[in-house]
Amino acid sequence: MTDVASDVPSDDALSNLLHENRRFEPPRDLAAQANVTADEYDTAAADPVAYWERAAERLDWGSRWSEVLQWEPPFAKWFVGGTLNAAYNCVDRHVSAGHGDKVAYHWIGEPEGDTRTLTYADLKDQVCKAAHALTELGVQSGDRVAIYLPMIPETVITMLACARLGAPHTVVFGGFSADALASRILDCQVTTVVTADGGYRRGAASALKPAVDEALTRCPDVRKVLVVRRTGQDVEWTDGRDVWWHDIVDGQSTEHEPQMFDAEHPLYVMYTSGSTGKPKGILHTTGGYLTQCAWTHWMVFDLKPDTDVFWCSADIGWVTGHSYIVYGPLANGATSLLYEGTPDTPHKGRWWEIVQDHNVTVFYTAPTAIRAAMKWGKEIPAKFDLSSLRLLGSVGEPINPEAYIWYREVIGGGRCPVVDTWWQTETGSIMISPLPGVTAGKPGSAMTPLPGIGADIVDDAGESVPNGHGGYLVLTSPWPSMLRTLWGDDERYQETYWSRFPGRYFAGDGAKRDDDGDIWLLGRVDDVMNVSGHRISTTEIESALVSHPKTAEAAVVGATDDTTGQAIVAFVILREAAGDGGPDVVQELRDHVAREIGKIARPRQIMVVPELPKTRSGKIMRRLLRDVAENRDMGDVTTLTDSSVMDQIKTGLAEGGKADED
Ligand code: WTA
């Protein structure tokens, strides 16, 4: 374990947060009709296993489980012996129940006027056709399928078609590079890739297929590539391997018998950054995952399936999109909105226009988006009628009280409760959050663990901290949608999550319990940054930088940023042979990282330095570098070989650098 302790924010650093004493009671009407009441906590506490069993009964099962939970720490099995089909639960059963005409998705493409509406019946037809097509391409139960698509209905259709066949999917965010895609395909031993010619982003067609072509030069096991025509861009074609979606899917039958799979059958693998360079393949299985996704979506968003229009603005390439665009809402038979593009295209009011035009009632987004909207000004949302909204959610990073209040007032008109939901790719669904009809929310606090969830904040020795103190967030009991392991790596699973505090799940987040016992999340305590709600490891970017021929050594830190939460700042030592690197070296390195990992990993700043501050044991003093990165306004790109950055580093070393050694 690295210098985790020194990264836990000091009590001083929290004092601002904790002077926040505003409270927002649930709106009376909402509370009166809320899906759950305060009793829920007691019921769950009395018998958590029975509580989850009831949640599982909301799904349709082929055969019932014989045992709810088999817990051999750190390996869990939920609903042992039960069988189900996730796609059947998300689609068919709603059609059978007479809701075929109900809208599953209002899809909105980025180009204005480009929309599609999919009812549950439409979705069922499409999923069945896609399942037949995948079968024709050789996909069988257990085979892995990589999905590298924009935010279009085919993305959801493909995920569900995979689930229907028992073929675990691994969705790779469309912003990732060919390299990142290749490493995921290899790690997951993928045999089939589903992609598109491209998608629309910021007003332009942006290609996807070339990245697949490039990735596959390194992935000989991929036999078939299914390609959706979205933008009409020219694509290179590999005969025998590449197949157009419209050629193979459109003519298939809309009838497809879903097979039942074991509750623990793998549903998907989602890669996320860890504190080493190699991304971790988080494995989610079927029964427990779907149970908790559906349950939390219904409880935390107080979902009224007949009247709500739910919009989660995340990308499907991240876990938030998996759980709250696809599996949770569909399992609940909800109507959702799916938007392809960015919030500022073609204008900065696009999101609010969509809320107005589609009468969105529940909106779920990330603090980084709220802060961007704050920057653009409240005049922009003021131009639209947002009165349909009744509930707002936040996820992905700590929401600062200022952003919370702005969200509540400007977007929610002061009448919508804000649920700040804490969870992770690993947890699969929401774990800590207010309940909108029950909790008096505090701006900036995720409040308390949901009913049925055990969480604690502990000190270095694993002792629970008293109210008013900070420490590490741990989860104290297994939960249905927990990751089961890391794909192909049980050992790393145990080591990463269960070795720091044996018997408890170490989340990697710092947290504080206030005087009332409510939880405030404080950010990561490991070498993982959170940039615009995306987890990126410092090591991963360091290795990308060092893979450039001009770089000798690199250190990366996450510096506080007004909009993105954290921003990536890199300190680089050039190789002697590279001289001063040339005038464009910083841009060259930034582009190199974008190419290696993806645009989201492109450092905001790179500072070229002659040396890096290290402890006596040779560990890079990231905390000091973070101070340097945060205390100076260096502009966008800065090359410094001698000057003030090094002075600051040296002063910092002299003054307090030793602390990092502890
Ligand atoms: C952070 C996204 C504070 C946290 C669902 C966690 C949060 C990481 C919150 C997981 C929140 C997520 N308040 N921090 N409400 N939600 N985080 O895997 O550091 O992309 O460990 O899952 O985001 O990010 P991931």
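Along the sequence shown, residues are numbered consecutively beginning with 1. Computed over heavy atoms, backbone and side chain alike; hydrogens, waters and symmetry mates excluded. Each ligand, and each atom within it, is numbered from 1 in the order the structure gives.
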Per-atom contacts of ligand 1 with Leu521, taking only distances under 4.0 Å to non-hydrogen atoms: 3 (C), 13 (N)
Check ligand 1 against Thr425 and write out every atom of the ligand that is under 4.0 Å from a heavy-atom position of the residue. 18 (O), 20 (O), 22 (O), 25 (P)
Below the 3.5 angstrom mark, is there an N/O of Thr272, backbone or side chain, next to an N/O of ligand 1? no
I want to confirm something. Looking only at heavy atoms, which of Gly565, Gly510, Gly428, Pro398 is nearest to atom 3 (C) of ligand 1? Pro398
Do Leu392 and Arg408 have side-chain heavy atoms sitting under 4.5 Å apart? no
If the contact criterion is a heavy-atom separation under 4.0 Å, does Trp318 count as touching ligand 1? no
Looking only at heavy atoms, is any part of Gln424 under 4.0 Å from ligand 1, and if so is it the side chain, the backbone, or both, or is it neither? both
Please check if the side chain of Thr155 supplies one atom and the backbone of Leu149 the other of a donor-acceptor pair under 3.5 Å. no
Using a strict 4.0 Å cut-off to heavy atoms of Asn530, name the atoms of ligand 1 that fall inside it. 1 (C), 23 (O)
Note: Val319, heavy atoms under 4.0 Å from ligand 1, region reported as side chain
Is there a donor-acceptor pair under 3.5 Å between the side chain of Gln494 and the backbone N or O of Ser499? no
Counting heavy atoms under 4.0 Å, the part of Thr421 that contacts ligand 1 is backbone
Can you check whether Ser394 has an N/O within less than 3.5 Å of an N/O in ligand 1? no
Starting from atom 23 (O) of ligand 1, find the nearest protein heavy-atom neighbour and note its residue, name and distance. Gly396 O, 3.2 Å
Side-chain (Thr361) to main-chain (Val309) donor-acceptor, under 3.5 angstrom: yes
